[in-house]
Amino acid sequence: MAARDVREYHTPSSGIFFVPRRRLLSSKTPFQKMEIYETDSFGRVLLLDGLVQTTERDESFYHEMLVHPALSLHPAPESVLIIGGGDGGALREVLRYPVRRASLVEIDEAVIKACREYFPGLSSSFDDPRANVVVADGNEFIRRAGESYDVVLVDSSDPVGPSAVLHEKRFFSRLKKRLKPGGIIAAQAGSPLFHLDHLRRKAAFLGESFRFARYYFGPAPTYPGGFWCYAFLSDGVDPLSAVARGVPAGLKYYNLGIGRAAFAQPEFLNPKATAVKTKDAGNRRK
Ligand code: SAM
């Protein structure tokens, strides 16, 4: 069925649109509205509550930038925890490494099911024997969980709805208790262009909680502003001085040079610089 244009507003006066060839799925899950479209420009596109989560064409930029800095800088990652990430892309990247076990904790089972069916390139690792897929609220899971991890990856959606808690200080303090000594957390953080206040607030509490709390950046063509910010958090590993062990073969975007450059801080994030303020900058969900 030909579908009408799909629009996502990043600000009241700007955003992204797709002219889908057809709508593959539209459903209301217990947590959110889920839509999947077939498009010529970006292949299949997953939206949750009207927000682009992933597209077949550019997902590797995001997933490789979320996963490889932490996995390649940790001396010997054996146990990995992914919070969110129900599309499977982060899990696929983690299982390129010889890890012993990778647990993925996704709140919405419907997302996992839909991505198994419509995104085979992303969900290809759900059946790997090292994968432990848990359907639960990530915040509740780490509150109850007894296990600790070498690397934790937070592949959450925006700081609203079920995902709001995954951007808060108390969540990261709890997550820190789940890290083994020398452990690393990497978390998607937001748009340096449109979520600057949010990033600054987060930088303040992350800097208090971790010895090394560093933002890094990468392209995300279908996310607000086209480039994305991630947080690298550790008490043991400083990404500015640690030497990466190497990265797996077969990556589409990431390599060690990209990894080093990603930690270079843009001037406008330099606290002394004047903030880039525009009249209608703001979070993409009003
Ligand atoms: N990269 C995407 C982004 O930046 O918008 C996120 C992709 S991934 C699909 C986000 C996943 O987090 C969704 O499947 C959503 O259901 C899940 N999620 C949201 N809140 C959660 C929570 N509290 N615990 C676990 N998973 C959660």
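Just so you know, ligand 1 is whichever comes first in the structure, and atom 1 is the first atom listed for that ligand.
- Comparing heavy-atom distances from atom 16 (O) of ligand 1 across H63, M34, E106 singles out E106 as nearest.
- Ring centers of F18 and F42: under 6.0 Å apart, within the cut-off.
- Of the polar atoms of N139, none of the N or O atoms is found under 3.5 Å from an N or O of ligand 1, judged by distance alone.
- For ligand 1, the atoms closer than 4.0 angstrom to any heavy atom of D87 are 7 (C), 8 (S), 9 (C).
- Each of the following atoms of ligand 1 lies closer than 4.0 Å to a heavy atom of G84: 12 (O), 26 (N).
- When each of S103, S124, S125 is checked for a side-chain contact (heavy atoms from CB on, under 4.5 Å) with L91, only S125 meets the rule.
- With sequence neighbours left out, the side-chain contact (heavy atoms from CB on, under 4.5 Å) criterion links R178 to I142, A145, Y149.
- Annotation: I107 places an N or O atom under 3.5 Å from an N or O atom of ligand 1; distance criterion only.
- For the residues E140, Q188, E59, Q53, the heavy atom positioned nearest atom 7 (C) of ligand 1 is part of Q53.
- Taking all heavy atoms of F141, F171, Y223 into account, the minimum distance to atom 3 (C) of ligand 1 is reached by Y223.
- A search for salt bridge (Lys or Arg N to Asp or Glu O under 4.0 Å) contacts involving R57 returns nothing, not counting sequence neighbours.
- Using a 4.0 Å cut-off to heavy atoms of S156, the atoms of ligand 1 that qualify are 2 (C), 3 (C), 4 (O), 5 (O), 6 (C), 10 (C).
- Considering backbone and side-chain atoms alike, P162 places an N or O below 3.5 Å from some N or O of ligand 1.
- Within the 4.0 Å heavy-atom shell around ligand 1 one finds Q32.
- Using the six-membered ring where Trp is involved, F205 and F172 have ring planes that are tilted, between 30° and 60° apart.
- Between F263 and the choices F217, Y216, Y230, the ring-ring contact (aromatic ring centres under 6.0 Å, His included) rule is met once, by Y216.
- Side chain to side chain, T54 and D87 fail the donor-acceptor criterion of an N or O pair below 3.5 Å.
- Each of the following atoms of ligand 1 lies closer than 4.0 Å to a heavy atom of V105: 25 (C), 26 (N).
- The number of heavy-atom neighbours closer than 6.0 Å to CZ of R100, taken from other residues, nucleotides and ligands shown, is above 12.
- Within the 4.0 Å heavy-atom shell around ligand 1 one does not find T54.
- Distances shorter than 4.0 angstrom occur between a heavy atom of A136 and an atom of ligand 1.
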